[in-house]
Amino acid sequence: MKIAMVGSGYVGLVSGACFADFGHDVVCIDKDARKIEALHDGVMPIYEPGLDGLVESNVAAGRLSFTTNLAEGIEDAAAIFIAVGTPSRRGDGHADLTFVHEVAREVGENLSSEAVIVTKSTVPVGTGDEVERIIRDTGTPHRFAVVSNPEFLREGAAIGDFKRPDRIVIGAEDEFGQEVMREVYRPLYLNESPILFTSRRTSELIKYAGNAFLATKITFINEMADLCEKVGANVQDVARGIGMDNRIGAKFLNAGPGYGGSCFPKDTLALLKTAEDYDSPTRIVEAVVKTNESRKRAMGRKVLDALGGAEAARGKKAALLGLTFKPNTDDMRDSPSIAIAQTLGDAGVKVSAFDPEGMELAAPLMPEVDMCADPYAAIDSADVVVIVTEWDEFRALDLGRVIELAKQPVLVDLRNIYTPEDVRARGFTYASVGRV
Ligand code: UGA
């Protein structure tokens, strides 16, 4: 089956490479000529574990190719995926659908045979209706259906998530759309991945409701963490204690510095806008967005506390370990590290940092921060060491070396990756999240 993937960003490239690996014939299309050229040379535009190997083997097998030419790329494709960006529109937080609409028009104008057009981009409820209208207005003589098929993959674990999903959601309004999508996902169906067919609008909302629920879960445990610190309880045990209840579930209950990334912040805001437009307020999500936003700077203040308060902190040095919003990605979007570095900088603290993958993208976002070649260079003569992102290599730091290099043995662990008793026994003053 031939599949065209319009947009070779995160979702498009991972999905395209995985579909090719299932045996489909996939063309990834992007109007960014430099990106396509780099892909031809085997250079990935993003850091995602395993992606380069997957792309290489499927290109070699002749199942995956790249082009900037949309008309050529979609020719004879049975399914044409739209996987372009839907960033927050400047000013109001609505999802910006400019790219989605542009692609819809171009697809309609260039259809060469019947096809199902699938929105994989995260799009607000009703976008499928608009895409259908745009394609119809191009006057194409070919039969087409517009289907919603949201993506639930996580950065850093994207290939595994795509190949072994908890579920596949397909919002299709007619038999033609359902049939083609069944064929697209047949390899996964054989793996017994459940496929949920819904209406198109329902499918569009499932994506936002899912992300908003996960963001709520994280924010809930973060507030419990603050309470734990006040009452002398341990948030990891609280998470375990509630997570063992199957109705709650153990995942996404790790307290930390607040969620970031390209999805939760943008999608929760977009959901609020939809709710407002339909006069159906979602107060819980409103509270989640506000609480998470203020948490990031609060984490900066937590570091100031560890330095003896804002006054005492002036002129001291903080070493940030990890800058990306989570490990195994170079993505810096809405990362808590940005607000933390700003809060520290505002208080006159000098900041050094190390991140295994994120420093190139981080540097322009935090120009005052001294980017270092390894964790120990960042720690050198620091008054406080702060674990911001739980990269594996920070889980087993040489603590003896840290004590030698740092000016003060103070560790602020915003991801709870160390055991308080252990590090205190090594001579550290230690603060973490939701544990005393
Ligand atoms: C998220 C969803 O998990 C995916 O299902 C979804 O497909 C994706 O958004 C999307 O809409 O494209 P992602 O943003 O890659 O995926 O990352 P997550 O692993 O969900 O982490 C998001 C943020 O929550 C990170 O900042 C992470 O540190 C934080 N988090 C996560 C916590 O603070 N605690 C947790 O227990 C889990």
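One-based numbering along the sequence shown. For ligands, and for the atoms within them, numbers begin at 1 and follow the listed sequence.
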Exercise for review: Examine Tyr208 together with Phe213 and report whether their ring centres are nearer than 6.0 Å.
Suggested key: no

Review point. Without hydrogens or angle criteria, can the side chains of Tyr430 and Arg435 be said to hold a donor-acceptor pair below 3.5 Å?
Key: yes

Practice item. State whether Glu421 and Arg426 are salt-bridged, where the test is any N-O pair (Lys NZ or Arg NE/NH1/NH2 against Asp/Glu carboxylate O) under 4.0 Å. Key: no

Practice item. For residues 239-284, pull every pair meeting ring pair (Phe, Tyr, Trp, His ring centres under 6.0 Å), keeping only residues two or more places apart or in separate chains. Key: Tyr259-Phe264

Point to revise | Residues lining ligand 1 [heavy-atom distance under 4.0 Å, listed by chain and residue number] | key: Glu151, Phe152, Leu153, Arg154, Glu155, Lys207, Asn211, Ile218, Phe252, Leu253, Asn254, Tyr259, Gly260, Cys263, Phe264, Asp267, Phe325, Lys326, Arg415

Exercise for review: Would you check if the distance from the ring center of Phe22 to the ring center of Tyr185 is below 6.0 Å?
Suggested key: no

Practice item. Please work out which of the three classes, parallel, tilted or perpendicular, describes the rings of Phe66 and His40, given edges at 30° and 60°. Key: perpendicular

